[in-house]
Number of protein chains: 2
Amino acid sequence: MGEATIRDVARRAEVSVASVSRALNGLDNVRAETRERVIKAANELGYVPHAGARSLSLARAHAIGVVLPDLHGEFFSECVRGMDREASRRGYLLLLSNMHDDSDQAAVALRAMRGRVDGLLVMAPHIAPETLEHAIPPALPSVMLNSHADLPGRPALRFDNRAGAEAMVEHLVANGYRHIVHIAGPEGNLDAAQRAEGYLAVCARHALPPRILAGDFNEEAGEAAARTILASNTLTDAVFAANDMMAIGCLHTLRSAGTGVPEKIAVAGFDDVPLARYLSLSTVRVNIAEMGARAVGRLIDLLEGKDLSRDSETFTPELVVRATTAPRTAPKDGAAHA
Amino acid sequence: MGEATIRDVARRAEVSVASVSRALNGLDNVRAETRERVIKAANELGYVPHAGARSLSLARAHAIGVVLPDLHGEFFSECVRGMDREASRRGYLLLLSNMHDDSDQAAVALRAMRGRVDGLLVMAPHIAPETLEHAIPPALPSVMLNSHADLPGRPALRFDNRAGAEAMVEHLVANGYRHIVHIAGPEGNLDAAQRAEGYLAVCARHALPPRILAGDFNEEAGEAAARTILASNTLTDAVFAANDMMAIGCLHTLRSAGTGVPEKIAVAGFDDVPLARYLSLSTVRVNIAEMGARAVGRLIDLLEGKDLSRDSETFTPELVVRATTAPRTAPKDGAAHA
DNA sequence: GCGAGTTATGTAACCGGTTACGGTTTGCCG
DNA sequence: CGGCAAACCGTAACCGGTTACATAACTCGC
């Protein structure tokens, strides 16, 4: 039933287990003829080393644990794709574990990694730093992605949501929009909070009246926000949503209601999901795959002692201007939506 | 440096390692007072059991390996999302490994799983069955996803690409289209081949002239196909692409060239990516997340001896009719594109 | 107060690898 | 051919858990 073990190979090649180990791992203190006998026996038995046992005695698993929150669509796959690319390039496997917005469950997930992985990649923008610090096994090297604060000894990689949001709102202002509404992301989410901050900063800078509608990163929130905007009698000539999905929901609802975008109201999002291009939605692009790959790279450097600087890194997102924020054509301060 | 081991806990609680193991694993032959002492000691030391060692002695890793090809966007994330949901519900972790279209690399990836996972989930629509069978460690229970043929002893889950394609082409015929071109997927890909089969079957059934253009599942292939169609003087009133991305590329190029969709040429895809809805693209929906979850469920049943029927399952995809295949309005056999 | 029966605990083997250490061969030299 | 170093190889300990088995402690009935 069970697979062949190193002892089976040893028996068959008529050598000791030590020689088998040495031969298969390419150590040089093995006679060529012995090595061949071993390799032959291993092939005949279809021997595959038991990674678990190996990592136990080496204290090295050649795997890294990835703990992600519930990410949507592209975001998740891009992130994992980037990580996987770098990991497999450097001979590591990825152990995946979602953490469904629940910090107890997160702790369980993190503990389950002990003894299976050499390091951890943690993305938890919704969990408080002290909770997190307490949940991560202290001896596991780890790299944080987009998390709240820096944890001592663990480099953090994040993108500058605030700068991205500022760039977008500045762009709107430059294109003549003055009554810009922000659809916020979920409460307590760090990305969302930083994007809102950027929005507020630009409003303050230009003495524009800020207005924030609640949202949760889902399309429906964008639709609801659009209805609120249409129903209210507050002047609005642009909407900056905290992510693309909400922007898209908003865009659709506005257009369905006969409100031209961008003629009456401009719409902008954040993330640059593939859909955005097709809808000509102006947005802010974050190269999440690259960040994932970089995070894996950093972690492995750390594991292999190649990187002793535990510095954090910030990725600056890129403004992507498309048709939904075309320069305002109506009179400078003319009525948009009443 | 290293984390606390079970022996440290034993020492501190002044009991033997056996008692620690028993106490922490909830066995009942431990005095209540002893158990408390052990738990206290474990907490004080921040002890977390070493999963690798544990799985070595239990011969159970509580992890399952997932080997996927290079999937695009949503497809990948949906698949992994479904798997993760079911896996974490049942207390398993996912070990992820991409297999970049290269069968040697696939073999390496599969071997690396030995001794880390209890079973395997393999999606490899591009790898020959015999190669695959040879590459999978024979003692590892596994479930195949969308792979070529059935492998003995390993259940396969797949969706009925052929039926989906037939449904779509029948729909086109029912809506009055007679000159339907198919944009094929990559050579050697099973999904692609089956979709083409479905297309050919319906053409034969209605005595329509089949016409297949090469493609590779990427958007550019759809664009190229559109240009070919526009340039050729063969009559064409509908395009059925083997996946949505090619359909979308085709759609854009046709419209940019002033060819109305669906007035002049209808366009249909396969997969129902989120984009499809926004572009009103008719397509065929496959619930990949559900299939992933089901695959994990089957595998765990198999591992835990709950499912001894090694039957394969087929998921039937669902026809999603949208605007790009609206009923033909022009004269029954009028000129479409010359 | 003593033996049987029950329950709690400890000792040590084991899972499948790696590797320090010591022993045996081999090769080379004088 | 003796002697020594170098090369090769085997034995056994170890990684950190689990658990069969042996042993100790405790209960109970008489």
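Chain identifiers are assigned alphabetically (A, B, ...) following the order of the sequence lines, protein sequences preceding nucleic acid strands; residue numbering begins at 1 within each chain. Every value quoted in this text rests on a predicted model; they were computed, and no experiment measured them.
Atom P of nucleotide D:dT11 and atom CZ of A:Arg11 are separated by 13 Å, given to the nearest angstrom. D:dC8 atom C1' lies 11 Å from atom CG of A:Asp28, rounded to whole Å. Taking atom CG on B:Asn25 and atom P on D:dT19, their separation rounds to 8 Å, with Å as the unit. One atom, CG of B:Asp8, and another, C1' of D:dG16, lie 10 Å apart when rounded to the nearest Å. In this structure, the CZ atom of A:Arg60 is 13 Å from the P atom of C:dT19, given to the nearest Å. Atom CZ in B:Arg35 sits roughly 15 Å away from atom P in C:dT7 (whole-Å rounding). Distance, B:Leu56 CG to D:dT18 C1': 10 Å, rounded to whole Å. Rounding to whole angstrom units, CG of residue A:Leu27 and C1' of C:dC21 are separated by 16 Å.
Side-chain to base pairing of B:Arg114 with C:dG16: no donor and acceptor N or O lie closer than 3.5 Å to each other.
Comparing A:His50 and B:Ala32 against DNA chain C, the residue whose closest nucleotide sits nearer the 5' end is B:Ala32. Heavy-atom nearest nucleotides on DNA chain D were determined for A:Val15 and for A:Arg7, and the one closer to the 5' end corresponds to A:Val15. Heavy-atom nearest nucleotides on DNA chain D were determined for A:Thr34 and for A:Val17, and the one closer to the 5' end corresponds to A:Thr34.
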Test side-chain contact (heavy atoms from CB on, under 4.5 Å) applied to B:Leu157 and B:Phe315, step by step: CA-CA 8 Å; B:Leu157 268 51; B:Phe315 291 72; 4.0 Å; yes

Would A:Leu121 and A:Leu299 count as a side-chain contact (heavy atoms from CB on, under 4.5 Å) if you check the C-alpha gap in whole Å, the side-chain angles of each, and the deciding distance to 0.1 Å? CA-CA 8 Å; A:Leu121 243 40; A:Leu299 181 56; 3.5 Å; yes

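As judged by a 4.0 angstrom heavy-atom cut-off over every strand, B:Ser21 is placed among the base-contacting residues. Using a 4.0 Å heavy-atom criterion, one finds that B:Ala18 contacts the bases of the nucleic acid, with or without backbone contacts as well. Contact annotation for B:Leu58: backbone-only contact, meaning every heavy-atom pair under 4.0 Å involves sugar-phosphate atoms and none involves a base.
Between B:Arg54 and D:dG16 there is no side-chain N or O to OP1 or OP2 distance below 4.0 Å. For the pair A:Asn29 and D:dC9, the criterion of a side-chain N or O lying under 4.0 Å from OP1 or OP2 is not met. Between D:dG16 and B:Thr5, no contact under 4.0 Å exists linking OP1 or OP2 to a side-chain N or O. One finds no side-chain N or O of A:Ser19 lying less than 4.0 angstrom from the OP1 or OP2 phosphate oxygen of D:dC9.
For B:Asp301 and B:Arg294, the salt-bridge test fails: no basic side-chain N is under 4.0 Å from an acidic carboxylate O. Between A:Asp84 and A:Arg81 there is no salt bridge, since no side-chain nitrogen of the basic residue lies less than 4.0 Å from a carboxylate oxygen of the acidic one.
Comparing C:dC15, D:dC15, D:dG17 against the side chain of A:Ser57 picks out D:dC15 as the nearest. Of the candidate nucleotides C:dT9, C:dG17, D:dC9, C:dT9 has the atom nearest to the side chain of B:Arg31. The side chain of B:Arg22 sits closest to C:dT9 out of D:dG17, C:dG17, C:dT9.
The aromatic rings of A:Phe75 and A:Phe159 lie perpendicular to each other, with more than 60° between the two planes, well past the 30° mark.
A donor atom on one side chain and an acceptor atom on the other are found under 3.5 Å apart for B:Arg154 and B:Ser142.
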